[in-house]
Amino acid sequence: MHCHEDLVCYLSCGMIVMALGYLLHHKTAQTSYGRHMGLPLPERMVPAAVAWLLQEMPALLIPLLLLLTSNKSSSVGRNLLLWTFCVHYFQRTFVFAPLSRGRPFPLGVMVAAGFFCSLNGSLQGHYLLHCAHFDEEWSAGGRYITGLLLFYVGMGINIHSDYILRNLRQPGEVVYRIPTGGLFEYVSGANYLGEIVEWFGYAVATWSLPALSFALFSLSFIGPRAYYHHRFYQENFKDYPKLRKALIPFVF
């Protein structure tokens, strides 16, 4: 398959525009799931574990399918796709989703998230397998190594923070408690911080417009959510730590 360069550029720029739109929208409201779900509740709801599984899975399966059907891509591009993007979504699909103890999702939110994951999985997979040009020295370069280091540090923060949040509840509980430990000692959105670091590390390692657009979209979507989580904790827990920030330790 040849590279659809114009389509890759349009989709990447479109994602950046969407990121700006979400950032403006999220100044006044959050996507309606979890603790930010308004009343009355939507009629069609999906259990959290099922919703996370179905919406995240396309971002894993589509790149894997592209990998299996591509035999002319560079080894660096294939390894980047497999050991960054696919590793993240394997963990989200087969580890995070089954263990989730969150509130049910509105069906519409799940469908929209699944569509985005399908589109993004196609974009990242096609670019790395059919458009990116990596020479054999790329994997020894500073951007590649720094990017991968950021990616895996961010992934570690994300997984550890999810573990802390998950263990605040017993199975079947729908309550909120103050998270402690790890980066939660410094920020309310430690899980979001980890994921943002992941995708900016991915963008550095690939040094590509599609990866940068996804990193910016992630920042614009879950960054404000961290702020609203922080405000939720402050409003509902009088003993919430005064020095804890929303997303960036000691800063914001």
Side-chain angles (χ1 to χ4, degrees), residues 30-38 41 45-57 59-60 84-106 109-110 113-114 117 149-201 218-219 221-252:
Q30 277 293 292
T31 302
S32 183
Y33 70 92
R35 73 191 68 187
H36 303 295
M37 197 152 38
L41 296 178
M45 304 286 284
V46 182
V50 175
W52 281 111
L53 176 73
L54 293 180
Q55 70 187 37
E56 303 280 295
M57 187 177 289
L60 172 66
T84 56
F85 195 82
C86 290
V87 162
H88 171 88
Y89 280 102
F90 178 87
Q91 193 274 334
R92 298 291 289 181
T93 302
F94 295 113
V95 180
F96 173 81
L99 295 174
S100 177
R101 296 176 183 173
R103 299 173 66 179
F105 266 55
V109 173
M110 185 198 77
C117 285
L149 180 62
L150 284 172
F151 178 87
Y152 285 112
V153 167
M155 188 173 183
I157 293 170
N158 180 250
I159 291 173
H160 181 246
S161 301
D162 283 338
Y163 171 81
I164 291 172
L165 290 174
R166 187 165 56 245
N167 284 280
L168 292 176
R169 291 175 175 168
Q170 297 299 319
E173 277 190 327
V174 185
V175 297
Y176 294 100
R177 299 184 175 94
I178 299 175
T180 58
L183 280 182
F184 281 116
E185 298 297 324
Y186 304 97
V187 294
S188 300
N191 52 328
Y192 297 138
L193 173 61
E195 189 163 352
I196 290 168
V197 170
E198 267 189 88
W199 294 126
F200 274 96
S218 298
L219 174 62
F221 189 82
I222 62 179
R225 200 165 182 86
Y227 166 75
Y228 280 96
H229 276 27
H230 184 66
R231 195 170 72 175
F232 171 88
Y233 286 126
Q234 290 178 324
E235 291 174 350
N236 289 275
F237 297 95
K238 293 182 179 180
D239 58 339
Y240 197 68
K242 301 295 183 183
L243 297 180
R244 189 177 298 187
K245 299 298 184 179
L247 183 65
I248 304 173
F250 312 113
V251 178
F252 170 76

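The basis for the numbers below is simple: all heavy atoms, side chains too, and nothing from hydrogens, waters or symmetry mates. Keep in mind that what you see is a predicted model, and the values were worked out from it rather than measured.
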Atom of P104, atom of M45 and distance for their closest heavy-atom approach: O-CE, 3.3 Å
Which heavy atom in S100 sits nearest to a heavy atom in A48, and how many Å separate them? OG-CB, 3.7 Å
Among residues at least two apart in sequence or on other chains, which ones pass side chain to side chain contact (heavy atoms under 4.5 Å, CB included) with A113? Q55
To the nearest 0.5 Å, tell me how far I159 CD1 sits from R92 CZ. 9.0 Å
Interatomic distance, T180 atom OG1 to E185 atom CD [nearest 0.5 angstrom]: 6.0 Å
E195: salt bridge (Lys or Arg N to Asp or Glu O under 4.0 Å) partners, not counting sequence neighbours: none
Value for CD1 (I248) from CD1 (I196), rounded to nearest 0.5 Å, stands at 8.0 Å
Contacts of type side chain to side chain contact (heavy atoms under 4.5 Å, CB included), residue P249, not counting sequence neighbours: Y186, V187, L193
Using the side chain to side chain contact (heavy atoms under 4.5 Å, CB included) criterion, which residues pair with F94? Sequence neighbours excluded. M57, L60, F90
Nearest heavy-atom neighbours spanning L219 and P224: O-CD, 3.5 Å
Can you list the residues that meet the side chain to side chain contact (heavy atoms under 4.5 Å, CB included) rule with E235, with sequence neighbours excluded? R231
Nearest heavy atoms of L53 and A97, plus distance in Å: N-CB, 3.5 Å
Is a side-chain N or O of H88 found less than 3.5 angstrom from the main chain of T84, in a donor-acceptor match? no
Check salt bridge (Lys or Arg N to Asp or Glu O under 4.0 Å) between R166 and all other residues, then give those that pass, not counting sequence neighbours. none
Check step by step if side chain to side chain contact (heavy atoms under 4.5 Å, CB included) holds for M155 and V87. CA-CA 10 Å; M155 188 173 183; V87 162; 3.5 Å; yes
Taking side chain to side chain donor-acceptor pair (under 3.5 Å) as the definition, give me every residue that meets it alongside Q234, ordered by chain and number, with sequence neighbours left out. H230
Hey, what do you get for CG (N158) to CH2 (W199), rounding to the nearest 0.5 Å? 10.0 Å
Centre-to-centre under 6.0 Å for F237 and Y176, is that the case here? no
Shortest non-hydrogen separation from P241 to I178 and the atoms involved: CD-CG2, 4.4 Å
For residues 170-179, which residue pairs qualify under salt bridge (Lys or Arg N to Asp or Glu O under 4.0 Å), counting only residues two or more places apart or in two chains? E173-R177
Side chain to side chain donor-acceptor pair (under 3.5 Å) contacts in which one or both residues fall within residues 240-252, not counting sequence neighbours: S188-Y240, Y240-R244
When you look at F200 and F151, which way does the ring pair (Phe, Tyr, Trp, His ring centres under 6.0 Å) test go after all the steps? CA-CA 7 Å; F200 274 96; F151 178 87; over 10 Å; no
Just verifying a value: how many Å separate I222 CD1 and N191 CG, rounded to the nearest 0.5 Å? 7.5 Å
Heavy-atom donor-acceptor pair, R101 side chain to R169 backbone, under 3.5 Å: yes
Please report the closest heavy-atom contact between A226 and A246, naming both atoms and the distance. CB-O, 3.9 Å
Indicate, with yes or no, if the rings of Y89 and F85 have centres closer together than 6.0 Å. yes
Those residues that, when tested against F96, pass ring pair (Phe, Tyr, Trp, His ring centres under 6.0 Å) (two or more places apart): W52
Counting neighbours of CZ on F184 that are heavy atoms of other residues, nucleotides or ligands and sit closer than 6.0 Å, is the number greater than 12? yes
